[in-house]
Amino acid sequence: AISMAVDRWAEVRVVQGSGQASRLLAPAIGIDSLEFEWTDCQPVFSTAGLSPDRVKRLALVKLALEDYAARFARAPQHLSSLELEIDTSSFQSRAAQAKLGLGSSAAAAVAVVAGLRALGDATGHAAPVSESIVTTAQRLHHQAQGGLGSGIDIATSFHGGVVCFQPGSEGPTDARTESLTWPKALELVPIYTGQAASTPKLVTQVQELKAADGASYDGIIGRMHEVA
């Protein structure tokens with residue numbers, strides 16, 4: 001498949017804290033300030049008062065923090081508090097107060113993994129990591145979405161520009177990505193429908209259709225192949 005990045009950015013700021021409690025700031029997903037602490041190298045959030053939807057949105061951040069903390073398994077005394085700020089507001093429509101569907105979670109996954117990787121390296125006490133940033137982001141994002149998704153959005157967010165993405169036999173973590181050049185004569189005009197949608201939910205609905213009515217699914221996919 002071919003995918004193209006757009007000029008929208010997830011910005012992440014991560015710094016070591018000075019107190020016992022750590023703090024997450026992610027206003028775009030409705031979390032203005034949420035404290036958490038490290039317990040046995042695991043992030044434990046104070047989720048009292050958060051809606052189930054907001055708790056669900058914490059899945060990716062929690063997995064990324066667990067991955068970060070695992071680097072301190074042999075030196076837990078150096079796992080200090082931190083402040084993690086995630087800004088994906090550029091992916092939202094200010095007029096409609098809704099997300100535009102441009103891959104904000106994938107961009108945030110790449111940015112959070114990169115930020116935490118850099119902080120861990122800077123401490124001088126974290127274990128080295130052989131896995132690339134994009135592979136880690138693929139693995140965590142795939143897990144946070146319940147095993148759904150090809151990983152093309154993560155690859156596009158990481159590499160930028162236009163990419164050709166080929167899923168691997170083991171899932172997103174061994175996919176192949178090749179950078180392409182956008183044809184000068186080709187113009188792309190995105191259209192916003194005015195309605196936000198959940199990618200995992202849509203993927204689940206497609207899978208349910210395939211299981212319940214294979215003939216209809218094959219017909220739709222066949223027509224899509226013809227158009228492509």
Side-chain angles (χ1 to χ4, degrees), residues 8-14 17 19-70 79 81-116 136-154 157 171-172 192-212:
R8 294 292 184 270
W9 309 89
E11 298 184 9
V12 166
R13 182 182 66 86
V14 54
Q20 282 292 110
S22 296
R23 196 159 61 118
L24 168 67
L25 302 94
I29 60 173
I31 298 176
D32 294 325
S33 180
L34 182 64
E35 290 191 349
F36 65 93
E37 294 184 354
W38 299 113
T39 302
D40 297 328
C41 285
Q42 295 287 317
V44 179
F45 286 90
S46 304
T47 57
L50 285 184
S51 67
D53 178 63
R54 289 179 181 173
V55 172
K56 186 177 180 180
R57 294 183 183 186
L58 283 174
L60 174 62
V61 176
K62 188 172 184 294
L63 289 170
L65 288 170
E66 289 175 357
D67 188 78
Y68 166 78
L79 183 60
S81 62
L82 58 83
E83 183 169 289
L84 174 61
E85 182 177 2
I86 307 170
D87 182 4
T88 55
S89 57
S90 67
F91 290 86
Q92 294 185 318
S93 167
R94 294 181 179 177
Q97 291 296 304
K99 66 176 187 176
L100 296 171
L102 297 174
S104 59
S105 66
V110 172
V112 168
V113 169
L116 291 173
T136 299
Q138 291 279 25
R139 174 171 54 81
L140 300 181
H141 191 252
H142 192 64
Q143 186 177 348
Q145 295 195 141
L148 298 176
S150 65
I152 190 172
D153 46 0
I154 292 287
S157 295
Y192 177 49
T193 64
Q195 183 175 356
S198 166
T199 300
K201 183 178 180 180
L202 292 175
V203 172
T204 298
Q205 290 175 341
V206 172
Q207 292 178 335
E208 290 174 347
L209 174 63
K210 182 178 181 179

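Just so it is clear, the model here is predicted, and its values are computed rather than measured.
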Between the CD atom in Gln143 and the CG atom in Leu148, the distance rounded to the nearest 0.5 Å is 12.5 Å

In this structure, CD of Glu35 is separated from CD of Glu37 (nearest 0.5 Å) by 7.5 Å

Tightest non-hydrogen contact, residues Ser157 and Ala107, listed as OG-N, 3.5 Å

With the side chain counted from C-beta on, respond yes when Leu34 and Leu58 share a heavy-atom pair under 4.5 Å apart, and no when they do not.
yes

Worksheet entry | Donor-acceptor contact below 3.5 Å, side chain Arg8 vs main chain Leu102 | no

Thr47 side chain to Leu50 backbone, donor-acceptor under 3.5 Å: no

ring-ring contact (aromatic ring centres under 6.0 Å, His included) filter on Phe36, not counting sequence neighbours, yields Trp38, Phe45

Applying salt bridge (charged side-chain N to carboxylate O under 4.0 Å, His left out) to Asp67 and not counting sequence neighbours gives Arg139

In this structure, CG of Leu116 is separated from OG1 of Thr136 (nearest 0.5 Å) by 11.0 Å

Considering only heavy atoms from C-beta outward, does the side chain of Leu209 approach that of Gln205 to under 4.5 Å? no

Note to self: Any heavy-atom pair between the side chains of His141 and Asp153 that's under 4.5 Å?
What the structure shows: yes

Asp53 atom CG, over 12 foreign heavy atoms within 6.0 Å: yes

- Measure from the side-chain N and O atoms of Thr88 to the backbone N and O of Ala28, and report whether any donor-acceptor pair falls under 3.5 Å. no

Point to revise | side chain to side chain contact (heavy atoms under 4.5 Å, CB included) between Val14 and Val112, intermediate numbers included | key: CA-CA 8 Å; Val14 54; Val112 168; over 6 Å; no

Closest non-hydrogen contact found for Cys41 with Ala69 is O-CB, 3.3 Å

Between Ala137 and Val113 the two heavy atoms that sit nearest each other are CA-CG2, 4.0 Å

Here the pair of heavy atoms bringing Pro43 nearest to Leu65 is CG-CB, 3.8 Å

Hits for salt bridge (charged side-chain N to carboxylate O under 4.0 Å, His left out) against Arg23, two or more places apart or cross-chain, chain-then-number order -> Glu83

Discussion item. Evaluate Ile31 against Arg57 for side chain to side chain contact (heavy atoms under 4.5 Å, CB included), listing each step before the verdict.
Written reply: CA-CA 10 Å; Ile31 298 176; Arg57 294 183 183 186; 5.7 Å; no

Interatomic distance, CG@Leu84 vs CZ@Arg13, rounded to 0.5 Å, equals 9.0 Å

Any donor-acceptor pair under 3.5 Å linking the side-chain atoms of Asp87 with those of Ser89? yes

When you measure from the side chain of Ser81 to the backbone of Ser22, do you find a donor-acceptor pair of N or O atoms at a distance under 3.5 Å? no

The reported gap from NE2 in His142 to CD1 in Ile154 (rounded to nearest 0.5 angstrom) is 11.5 Å

